[in-house]
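In what follows, a structure is listed as structure tokens, so that the remarks can point back to it.
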Amino acid sequence: MAPPQGSRAPLEFGGPLGAAALMLLLPVTMFHLLLVARSGPARLLGPPPYLPGLEELWSPWALLLCLTWLGLQAALYLLPARKVAEGQELKDKSRLRYPINGFQALVLTALLVGLGVSAGLPLSALPEMLLPLAFAATLTAFIFSLLLYLKALVAPASALAPGGNSGNLIYDFFLGRELNPRICSFDFKYFCELRPGLIGWVLINLALLMQEAELRGSPSLAMWLVNGFQLLYVADALWYEEAVLTTMDIIHDGFGFMLAFGDLAWVPFTYSLQAQFLLYHPQPLGWPLASFICLINAVGYYIFRGANSQKNTFRKNPSDPRVADLETISTATGRRLLVSGWWGMVRHPNYLGDLIMALAWSLPCGVFHLLPYFYFLYFTALLVHREDRDERQCLQKYGLAWHEYCQRVPYRIVPYVY
Ligand SMILES: NC(=O)C1=CN([C@@H]2O[C@H](COP(=O)(O)OP(=O)(O)OC[C@H]3O[C@@H](n4cnc5c(N)ncnc54)[C@H](OP(=O)(O)O)[C@@H]3O)[C@@H](O)[C@H]2O)C=CC1
Ligand SMILES: CC(C)CCC[C@@H](C)[C@H]1CC=C2C3=C(CC[C@@]21C)[C@@]1(C)CC[C@H](O)C(C)(C)[C@@H]1CC3
């Protein structure tokens, strides 16, 4: 058994107590949102309309569907890739290799779903199954995290994540012990981060759009906007799949309950909340306002994509002509930090763009309900906390150079505000 590593790493998420609370709170919140979205008053902060019994949550068909979906996405992951990318250097100086075929998986899934629907597959029945499907996904994530925890017990010390190895069972189960759990070349974290949850999210959105068309003759403009914006976000993530290799989740975090549940259950069932809300609470939306919301989404996307691509290009090749002229500061590690361009505006320009898009996804749902703004509120909290975690990691990595960066670029996410 590998000895616990990084036991002196500071505990995050409020330690074992915080981790235990989140493990309970996250699934409860997800089921609350699912129930409230279909209720008349749709009150985010009110009690759920009723408490579902086990017979409403548990369905062997939903579990079968969930496992079939995972199996299909795993099969698509194993198809020949247009490119194989190398990840960041690991503790033992090696680099892992990752297939770049996520966009291909999205297109093939769309083709398969299209074929299925034209052959009579009742996709619009999916919204009725959201509750048992979310339950099956939660169960799958829990069992999967247990297996990942057990796998980490026999992993070499060099394979363990910097956090998630405190020696406390609950905390380590939540955060995840192993950094890149794999069986042969199949990388579980990389697979889960981008495929089943993200593609599942747009599939659920599509099913909600189809059910709205059945109910009301055609999908509403608000439903089109939400579907379009979120499809763009998911397609972008898969098109620029390689960029995920420099995110905190892949480089720093272990693979435990937080990411397994986040990827497999939280993303598809709570990120589709706006479309769920619109199915049960249609909102009038005219073209002038719709155009304005599209503009907000476009501005957010421009910042998000510009910032993420700039950092990724710079990390891959600092002499690339697209970034070679940008001003940088040197660090003791040999890596440099950008202090002009997007990364000279605020220290997390990519978060700013992401938050602007999050707002644009809620606006088509009107301003009379708080529920569709849940994603924006949760995401603000997630990114503020994430930014704080990243700052601490960067301070540890870059020391004085990070201080200098903070002086040169004083704002974290929103210029002149935060
Ligand atoms: N929709 C969702 O639910 C979520 C979306 N996201 C999105 O995922 C994306 C990735 O986010 P995340 O992984 O948190 O963070 P980042 O992609 O911002 O990565 C942070 C890392 O970037 C590097 N870095 C920071 N400043 C600079 C600089 N000035 N110059 C060069 N490199 C720098 C550092 O790593 P190093 O120096 O080691 O390279 C730092 O650790 C974001 O767009 C975020 O909005 C994130 C979470 C949830
Ligand atoms: C709710 C829990 C406390 C935490 C769960 C967090 C996860 C849901 C998110 C952590 C980082 C994520 C990223 C994306 C989706 C959500 C999770 C998994 C991302 C794949 C979305 C698409 C983006 O383009 C991205 C940059 C590739 C994102 C990477 C981080």
Side-chain angles (χ1 to χ4, degrees), residues 13 18-19 22-23 25-27 29-30 88-89 102 141 174-175 189-190 192-195 197-198 201 230 232-253 256-268 270-271 300-301 303-316 318 323 326-329 331 333 335-358 361 375 378-379 381-383 385-398 401-402 405-406 408-409 412-413:
F13 296 95
L22 278 172
M23 270 193 286
L25 207 66
L26 289 172
T29 306
M30 182 180 74
Q88 302 279 301
E89 195 175 89
F174 178 73
L175 232 67
K189 188 166 61 169
Y190 176 67
C192 289
E193 181 98 351
L194 285 172
R195 316 290 178 101
L198 284 189
W201 169 21
Q230 298 184 349
L232 169 72
Y233 189 68
V234 169
D236 170 274
L238 294 164
W239 183 260
Y240 295 100
E241 187 177 19
E242 204 177 331
V244 87
L245 300 177
T246 58
T247 60
M248 196 195 285
D249 311 60
I250 301 291
I251 295 175
H252 182 269
D253 292 341
F257 183 81
M258 179 178 79
L259 279 181
F261 174 78
D263 292 338
L264 302 179
W266 183 258
V267 167
T270 65
Y271 285 26
Y301 179 71
I303 301 176
F304 167 82
R305 179 49 35 226
N308 276 329
S309 292
Q310 198 168 69
K311 186 194 65 167
N312 212 43
T313 308
F314 181 71
R315 279 286 170 253
K316 263 171 54 189
V323 289
L326 294 174
E327 205 186 332
T328 59
I329 46 180
T331 75
T333 63
R335 281 155 88 86
R336 283 184 287 145
L337 290 167
L338 290 164
V339 274
S340 66
W342 288 114
W343 298 80
M345 183 173 81
V346 283
R347 299 205 292 274
H348 272 96
N350 49 353
Y351 289 5
L352 175 66
D354 223 338
L355 279 170
I356 296 174
M357 282 193 284
W361 300 353
Y375 177 73
Y378 137 82
F379 200 41
L382 179 97
L383 291 184
H385 178 248
R386 202 171 163 92
E387 196 276 337
D388 185 58
R389 289 180 71 207
D390 190 49
E391 289 270 315
R392 270 184 276 129
Q393 285 160 26
C394 286
L395 190 60
Q396 207 176 11
K397 254 186 293 187
Y398 301 125
W402 189 258
Y405 179 46
C406 293
R408 301 262 307 259
V409 185
R412 295 161 188 262
I413 302 178

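First listed ligand is number 1; within each ligand, the first listed atom is number 1. Owing to the predicted nature of the structure, the values given are computational and were not obtained by experimental measurement.
For atom 35 (O) of ligand 1, the closest non-hydrogen atom of the protein is K397 NZ, 3.3 Å. If you check which protein heavy atom lies closest to atom 34 (C) of ligand 1, you get C394 SG, 3.9 Å. Nearest to atom 43 (O) of ligand 1 among the protein's heavy atoms is N308 ND2, 3.0 Å. Of all protein heavy atoms, the one lying nearest to atom 3 (C) of ligand 2 is L26 CD1, 3.9 Å. Among all non-hydrogen protein atoms, the one lying nearest atom 25 (C) of ligand 2 is A237 CB, 4.7 Å. Given atom 4 (C) of ligand 1, the protein heavy atom at minimum distance is F379 CE1, 3.4 Å. Closest to atom 1 (N) of ligand 1, if we only count protein heavy atoms, is Y233 OH, 2.9 Å. For atom 11 (O) of ligand 1, the nearest non-hydrogen atom of the protein is Y351 CE1, 3.6 Å.
Ring centroid separation for the pair F314 and W343 does not come in under the 6.0 Å cut-off.
Checking D263, D354, I251 against atom 45 (O) of ligand 1, the nearest heavy atom belongs to D354. The closest non-hydrogen atom to atom 18 (O) of ligand 1, taken over D390, N350, L338, comes from N350. If you check each of R347, M248, E387, K311 against atom 16 (P) of ligand 1, the one with the closest non-hydrogen atom is K311. Between the choices Y240, W239, F304, the shortest heavy-atom distance to atom 26 (C) of ligand 2 belongs to F304. For atom 20 (C) of ligand 2, the nearest non-hydrogen atom from the set R195, R305, E193 belongs to E193. The option with the heavy atom closest to atom 37 (O) of ligand 1, from among Y271, Y398, W343, is Y398. In this comparison of R315, R386, R408, R389, the heavy atom closest to atom 31 (C) of ligand 1 sits on R315. Heavy-atom proximity to atom 10 (C) of ligand 1, evaluated over V244, D249, T247, is greatest for T247.
Contacts with ligand 1 closer than 4.0 Å are made by side-chain heavy atoms of L382 only, the backbone lying farther away. Residue L22 does not touch ligand 2, judged by heavy-atom distances below 4.0 Å. Here A307 has no heavy atoms under 4.0 Å from ligand 1, in either its backbone or its side chain. Under 4.0 angstrom from ligand 2, there are no non-hydrogen atoms of H385. In V267, the part holding a heavy atom less than 4.0 Å from any atom of ligand 2 is the side chain.
Atom CZ of R408 sits about 11.0 Å away from atom CG of L337, to the nearest 0.5 Å. How far CG of L352 is from CD1 of I303: 5.0 Å, rounded to the nearest 0.5 Å. Taken to the nearest 0.5 Å, the CG atom of N308 stands 10.0 Å off from the OG1 atom of T313. Here the straight-line distance linking atom OG1 of T247 with atom CD of E193 works out to 5.5 Å at 0.5 Å rounding. In this structure, CD1 on I356 lies 12.5 Å from CH2 on W361, to the nearest 0.5 angstrom.
In terms of modelled atom types and a separation under 3.5 Å, the side chain of Q310 and the main chain of W342 share a donor-acceptor contact. W201 places a side-chain N or O within 3.5 Å of a backbone atom of Y271 that can act as its donor or acceptor partner. Under a 3.5 Å cut-off, the side chain of R347 and the backbone N or O of V409 do form a donor-acceptor pair.
Counting only heavy atoms from C-beta outward, the side chains of L198 and Y233 never approach each other to under 4.5 Å. Taking the side chain as every heavy atom from C-beta outward, Q396 and W402 never approach each other to under 4.5 Å.
Near D263, the atoms of ligand 2 lying under 4.0 angstrom from a non-hydrogen atom of the residue are 18 (C). Of all atoms in ligand 2, listed by their number and element, those nearer than 4.0 Å to a heavy atom of D249 are 10 (C), 11 (C), 12 (C). Taking every heavy atom of H348 and a limit of under 4.0 angstrom, the matching atoms of ligand 1 come to 18 (O). Contact atoms of ligand 1 toward F304: 43 (O) (distance under 4.0 Å to a heavy atom of the residue). The contact set between ligand 1 and Y405, taken as ligand atoms under 4.0 Å from a residue heavy atom, comprises 29 (N).
Using a 4.0 Å cutoff on heavy atoms, Q88 does not count as a contact of ligand 1. Under a 4.0 angstrom heavy-atom cut-off, Y233 registers as being in contact with ligand 2. Within the structure, ligand 2 lacks E241 among the residues with a heavy atom less than 4.0 angstrom away. Residue contact annotation: Y375 has a non-hydrogen atom under 4.0 Å from ligand 1. Distances shorter than 4.0 angstrom do not occur between any heavy atom of F261 and any atom of ligand 2.
More than 12 non-hydrogen atoms from other residues, nucleotides or ligands lie less than 6.0 angstrom from CD of E89.
The aromatic rings of F304 and Y301 sit tilted relative to each other, their planes meeting at an angle between 30° and 60°. In this structure, F257 and F261 have parallel ring planes: the angle between them is below the 30° cut-off, well short of the 60° mark.
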Open item on the list: Test side-chain hydrogen bond (donor to acceptor under 3.5 Å, both in side chains) on Y398 and R335; report intermediate values, then the result.
Closed with: CA-CA 9 Å; Y398 301 125; R335 281 155 88 86; 3.3 Å; yes
TODO: Carefully, step by step, assess D253 and R389 under the rule side chain to side chain contact (heavy atoms under 4.5 Å, CB included).
DONE: CA-CA 11 Å; D253 292 341; R389 289 180 71 207; 2.7 Å; yes
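For atom 30 (C) of ligand 2, the nearest protein heavy atom lies under 4.0 Å away. Under the 4.0 Å distance rule, the nearest protein heavy atom to atom 22 (C) of ligand 2 falls inside the cut-off. In this structure, atom 10 (C) of ligand 2 is in close contact with the protein, since a protein heavy atom lies within 4.0 Å of it. Distance check on atom 8 (O) of ligand 1: every protein heavy atom falls at or beyond the 4.0 Å cut-off.
In this structure, N312 and E242 approach most closely via the heavy-atom pair ND2-C, 4.5 Å.
Counting only N and O atoms by type, the side chains of R305 and S309 include a donor and acceptor under 3.5 Å apart. At a cut-off of 3.5 Å, with distance as the only test, a side-chain donor of Y378 or W266 sits close to an acceptor on the other residue.
Considering both main-chain and side-chain atoms, R336 never comes within under 3.5 Å of ligand 1 through any nitrogen or oxygen pair.
By the 4.0 Å N-to-carboxylate-O rule, R386 lies close enough to D249 to be salt-bridged with it.
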